[in-house]
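So that we are looking at the same thing, I have put the structure below in structure tokens.
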Amino acid sequence: MSEQQGQGAAQPFDLIVIGAGPGGYVAAIRAAQLGLKVACVEKESALGGTCLRVGCIPSKALLESSERYEETLHHLAVHGVDVSGVELNLSKMLGRKDKVVKALTGGIQLLFKKNQVARFEGHGRLVSATEVHVSGAKGEARLTAPRVLIATGSVPSSLPGVAWDGDRVGGSTEALSYPEVPGHLVVIGAGVIGLELGSVWRRLGAKVTVLEYMSTALPGMDDDLSAEAVRLFKKQGIDFKFGVKVTGARAEGDGCVVEVEGGAPISCDRVLVSVGRRPCTEGLGLEELGVAVDRRGVIQVNDHFETSVPGVFAIGDVIPGPMLAHKAEEEGVACVERMVTGYGHVNYDVIPSIVYTHPEVAFVGKTEAQLKAAGVPYKLGKFPFIANGRARALEATDGFVKVLAHAETDRLLGVHIIGAHAGDLIAEAAVSMDFGASAEDVARSCHAHPTLAELLKEAALAVDGRAIHI
Ligand code: FAD
Ligand code: NAD
């Protein structure tokens, strides 16, 4: 429902949600299901937030299309399928991505209608703990509610010396729509965005150089996983430079120049800055209201997502924790369920994380380094894709599954997967861990044959040294 906006009396609601990303729109719908009269304020004309508009969805659409292009070019012959005359139609590929985004963002509009969530288009600002002003191209509105939920997400971080021009030197949003394949793309930051979008443009023909400050890619992931990821991505042609401090980047002439400490400047065609994201809280009125944030602007909340100002709540990328769409969704649901029912909970120990490269990289729970640092005794089971029948049939033999279980209780503590469909395989591990399963529980469950799911069963068996197929 797109509401008529005007400057009259404040319109009353039970809950005002600011931001319609996966945190905000899911919270708004769940609150409406629970019987609340809900308003959702979003400054963009399309709903869905970073995730649907310029994040998860468009990046996955391009990852899928570019993977098909690369597979057709290089990986079909082994199946006895000879192709010739393969050509890239970039504008069509980008157009498909835009269509996917449009369909999904339009879908949220329909869901709002179905659930009678009142939608207000414009920038939302808290003028008190119970009143939000909306202003934008569609006019102004004043809304009141006893509870306000901030779900304004995040925006890309930059670096000192980087002259971000939103064209040649830009972030993920620009890299989702380059009008031509860059001859040479320099990616600053070997995190999730750098590897996903770096992979897209490498597959489409760009030379890709990734500059990373740390000594490996995907810092924070299990060491085995990041080492294998770097090995495989290097083999695919991505050029990594680790331990590099970027001191500047700018567009120059037809291309760009990237300056690094202690090294020669690097010339390239485009620069993708992917060094993390920061909370989006500008102009929200937080300071005036006294909402506590940390030094990076991250909103501080208690365990039911209430900020330092009673009645004002926050979820998703603006609060601590991994910046992931499903984490934001879980928080949105838990937050509004607690408001209405008194119960609501997110199990932060079991939030899966996936990098949608080829192969995919996925994990849930603790890494080996974290267990060592915490002095937790653990057992380890590992099983390679090459020993799995389905992986052989798929010609997808790179990677492994690694299971970490408590040495005494056998309870699953972490599962780390690199390989084909790792992102789908991790779901079984997450559900098992949420139910407190042991490695033995997974190992004793019947897994259909031949499936990649058998990899997890075998890795769970390997925890006790009894994997069958190796
Ligand atoms: P957001 O999705 O950022 O939504 C916040 C919304 O609030 C925005 O629509 C914004 O316009 C609006 N807003 C902000 N301020 C105001 C205001 N004052 N008034 C009104 N509206 C306002 N995560 C995954 O889990 N899987 C992935 O595959 C994945 N891929 C990604 C790929 C890329 C390229 C990027 C950039 C991110 C990706 N992420 C992924 C991260 C994911 O997008 C975020 O974690 C998620 O969108 C956070 O949800 P949110 O609801 O907290 O915020
Ligand atoms: P990131 O935190 O994943 O990676 C940033 C990388 O940049 C790190 O490796 C870091 O060491 C490096 N870095 C930081 N400063 C640097 C510097 N000065 N020079 C060189 N390297 C530097 O951040 P991102 O890739 O920008 O992604 C942002 C967020 O979006 C992440 O939190 C991620 O969770 C989310 N995201 C998730 C997905 C997914 O779930 N598949 C996909 C994309 C983005």
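Start at 1 and go down the list; that is how both ligands and their atoms are numbered. Worth saying up front: this structure is predicted, and the values here are computed from it rather than measured.
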Ser154, portion touching ligand 1 at heavy-atom distance under 4.0 Å: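 Contact part for Ser154 vs ligand 1: backbone (N, CA, C, O).
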
Ligand 1 versus Arg125: contacting region, heavy-atom distance under 4.0 Å: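 Neither part.
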
Intermediate values then yes/no, salt bridge (Lys or Arg N to Asp or Glu O under 4.0 Å), Asp167 and Arg270: CA-CA 8 Å; Asp167 179 18; Arg270 287 188 184 270; 3.3 Å; yes

Nearest option to atom 46 (C) of ligand 1, as decided by whichever heavy atom of Pro22, Ala328, Ser45 sits closest: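 Among Pro22, Ala328, Ser45, the closest heavy atom to atom 46 (C) of ligand 1 comes from Pro22.
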
Student check: side-chain heavy atoms of Leu52 and Leu47 closer than 4.5 Å: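 Of all side-chain heavy-atom pairs linking Leu47 with Leu52, none is under 4.5 Å.
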
Protein residue, atom and distance nearest to atom 4 (O) of ligand 1, heavy-atom basis: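 The answer is Gly21 CA, 3.4 Å.
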
Distance filter under 4.0 Å to Gly19 heavy atoms, resulting ligand 1 atoms: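 Answer, ordered by atom number: 6 (C), 7 (O), 12 (C).
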
Protein contact to atom 24 (C) of ligand 1 [nearest heavy atom, distance to 0.1 Å]: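 I find the closest protein heavy atom is Ala325 N, 3.5 Å.
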
Check: Val187 and Ser274 side chains under 4.5 Å, non-hydrogen atoms: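 A side-chain contact exists here, since the closest heavy-atom pair is under 4.5 Å.
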
Top protein contact for atom 5 (C) of ligand 2, by heavy-atom distance: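 Sorting protein heavy atoms by distance from atom 5 (C) of ligand 2 puts Ser274 O, 3.5 Å first.
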
Atom indices of ligand 1 within 4.0 angstrom of Ile18 heavy atoms, with elements: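 Matching atoms, with element in brackets: 17 (C), 19 (N), 20 (C).
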
Tyr356: numbered ligand 1 atoms lying under 4.0 Å from its heavy atoms: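 Near Tyr356, the atoms of ligand 1 are 28 (O).
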
Distance under 6.0 Å and angle within 45° of ring axis: Lys245 vs Tyr213: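 The answer is no, since Lys245 fails at least one limit relative to Tyr213.
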
Shortest reach to atom 37 (C) of ligand 1 by a heavy atom, considering only Gly55, Gly23, Ser135: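 Closest candidate by heavy-atom distance is Gly55.
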
Proximity to ligand 1 by part of Val192, non-hydrogen separation under 4.0 Å: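 No part of Val192 comes within reach of ligand 1.
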
Where ligand 1 meets Gly122 - atom numbers and elements under 4.0 angstrom, heavy-atom basis: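 Listed by number with element: 19 (N), 20 (C).
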
Whether Phe13 and Phe120 hold their rings parallel, tilted or perpendicular, with breakpoints at 30° and 60°: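 Geometry flag for Phe120 against Phe13: perpendicular rings.
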
Atoms of ligand 1 close to Arg53 [distance to a heavy atom under 4.0 angstrom, numbered from 1]: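 The atoms of ligand 1 under 4.0 Å from a heavy atom of Arg53 are 8 (C), 9 (O), 11 (O).
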
Heavy-atom nearest neighbour in the protein, as seen from atom 20 (C) of ligand 2, with distance rounded to 0.1 Å: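 Of every protein heavy atom, Tyr213 N, 3.3 Å lies nearest to atom 20 (C) of ligand 2.
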
Under-4.0 Å heavy-atom contact with ligand 2, by part of Glu196 that carries it: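 Near ligand 2, Glu196 shows its side chain, while the N, CA, C and O stay back.
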
Atom 17 (C) of ligand 1 - nearest protein heavy atom and its distance: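 Ranked first by proximity to atom 17 (C) of ligand 1 is Gly124 N, 3.7 Å.
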
Residue, atom name and distance, where the atom is the protein heavy atom closest to atom 3 (O) of ligand 1: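 Here the closest protein heavy atom is Thr50 OG1, 2.6 Å.
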
Contact check: Val318 vs ligand 1, nitrogen or oxygen atoms, below 3.5 angstrom: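 Not met; the criterion fails.
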
Proximity winner for atom 9 (O) of ligand 1, if only heavy atoms of Glu42, Glu44, Lys327 are counted: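 Selected option, by shortest heavy-atom distance: Glu42.
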
Distance from atom 53 (O) of ligand 1 to nearest protein heavy atom, with residue and atom: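 Protein heavy atom at minimum distance: Gly153 CA, 3.1 Å.
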
Heavy atom of the protein closest to atom 44 (C) of ligand 1 (residue, atom name, distance):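 Here the closest protein heavy atom is Asp317 OD2, 3.3 Å.
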
Interfacing atoms of ligand 2 (cut-off 4.0 Å, heavy-atom, Tyr356):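 Listed by number with element, the hits are 41 (N).
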
Leu218 N/O under 3.5 Å from ligand 2 N/O: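 Between Leu218 and ligand 2 (N or O atoms, distance only) the closest approach is not under 3.5 Å.
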
Min N/O separation Leu324 to ligand 2 under 3.5 Å: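 For ligand 2, there is no N or O atom that lies under 3.5 Å from one belonging to Leu324.
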
Under 3.5 Å: N/O of Ile193 near N/O of ligand 2: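 Checking ligand 2 against Ile193, an N or O pair does fall under 3.5 Å apart.
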
Protein contact of atom 3 (O) of ligand 2 - nearest heavy atom, named by residue and atom, plus distance: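 Nearest neighbour among protein heavy atoms for atom 3 (O) of ligand 2, to 0.1 Å: Val192 N, 3.2 Å.
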
Phe400 and Leu455: CA distance, side-chain angles, deciding distance, side chain to side chain contact (heavy atoms under 4.5 Å, CB included) verdict: CA-CA 8 Å; Phe400 56 80; Leu455 282 153; over 6 Å; no

Close side-chain approach of Cys268 to Val258, heavy-atom, < 4.5 Å: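 SC-SC contact between Cys268 and Val258 confirmed.
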
Leu176 side chain reached by Ser59 side chain, heavy atoms, under 4.5 Å: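 Yes, close enough: below the 4.5 Å cut-off.
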
Minimum side-chain heavy-atom gap Thr357-Gln236 below 4.5 Å: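 No, too far: nothing below the 4.5 Å cut-off.
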
Atom 21 (N) of ligand 1: the protein heavy-atom neighbour that sits closest, reported with distance to 0.1 Å: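 Protein heavy atom at minimum distance: Lys43 N, 3.2 Å.
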
Which of the ligand 2 atoms, numbered from 1, are nearer than 4.0 Å to a heavy atom of Leu211: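 Per the distance check, 20 (C), 21 (N).
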
Selection from Thr152, Thr281, Leu197 by shortest heavy-atom distance to atom 14 (C) of ligand 1: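 Looking at heavy atoms only, Thr152 sits closest to atom 14 (C) of ligand 1.
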
Per-atom contacts, ligand 1 versus Cys51 - under 4.0 Å to a heavy atom: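 In order of numbering, the contacting atoms are 2 (O), 43 (O), 47 (O).
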
Shortest protein contact, atom 30 (O) of ligand 2 (heavy atom only):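 That would be Arg277 CD, 3.7 Å.
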
Residue, atom name and distance, where the atom is the protein heavy atom closest to atom 41 (N) of ligand 2: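 Atom 41 (N) of ligand 2 sits closest to the protein heavy atom Ile354 O, 2.7 Å.
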
Identity and distance of the protein heavy atom lying nearest atom 33 (C) of ligand 2: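 It is Met323 O, 3.8 Å.
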
Minimum-distance pair of heavy atoms, taken over all atoms of Val181 and Leu90: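 For Val181 and Leu90, the tightest heavy-atom pair comes out as N-CD2, 3.9 Å.
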
Heavy-atom side-chain contact between Trp164 and Glu174 under 4.5 Å: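 Touching, per the 4.5 Å side-chain cut-off.
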
Ile193, portion touching ligand 1 at heavy-atom distance under 4.0 Å: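 It is the side chain that touches ligand 1; the backbone stays farther off.
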
Check: Tyr178 and Leu94 side chains under 4.5 Å, non-hydrogen atoms: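 Heavy-atom side-chain distance check fails, nothing below 4.5 Å.
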
Pairwise side-chain contact, Glu259 with Arg250, heavy-atom cut-off 4.5 Å (strictly under):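 Heavy-atom side-chain distance check passes, below 4.5 Å.
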
Heavy atom of the protein closest to atom 10 (C) of ligand 2 (residue, atom name, distance):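 Answer for atom 10 (C) of ligand 2: Glu212 OE2, 3.5 Å.
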
Contacting atoms of ligand 1, where contact means under 4.0 angstrom from a heavy atom of Lys60: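 Selected atoms, number and element: 27 (C), 28 (O), 29 (C), 30 (N).
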
Atoms of ligand 1 close to Ser59 [distance to a heavy atom under 4.0 angstrom, numbered from 1]: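 Within the 4.0 Å cut-off of Ser59, ligand 1 contributes 32 (C).
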
Shortest heavy-atom approach to atom 7 (O) of ligand 2 - which of Gly161, Ala325, Gly189: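 The option holding the nearest heavy atom is Gly189.
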
Top protein contact for atom 16 (C) of ligand 2, by heavy-atom distance: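 Going by distance alone, atom 16 (C) of ligand 2 is nearest to Val275 CG1, 3.6 Å.
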
Minimum-distance protein heavy atom relative to atom 38 (C) of ligand 1: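 For atom 38 (C) of ligand 1, the nearest protein heavy atom comes out as Cys56 N, 3.9 Å.
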
Interfacing atoms of ligand 2 (cut-off 4.0 Å, heavy-atom, Met214):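 Atoms satisfying the 4.0 Å criterion: 11 (O).
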
Non-hydrogen atom of Gly276 closer than 4.0 Å to ligand 2: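 Gly276: in contact with ligand 2 (<4.0 Å).
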
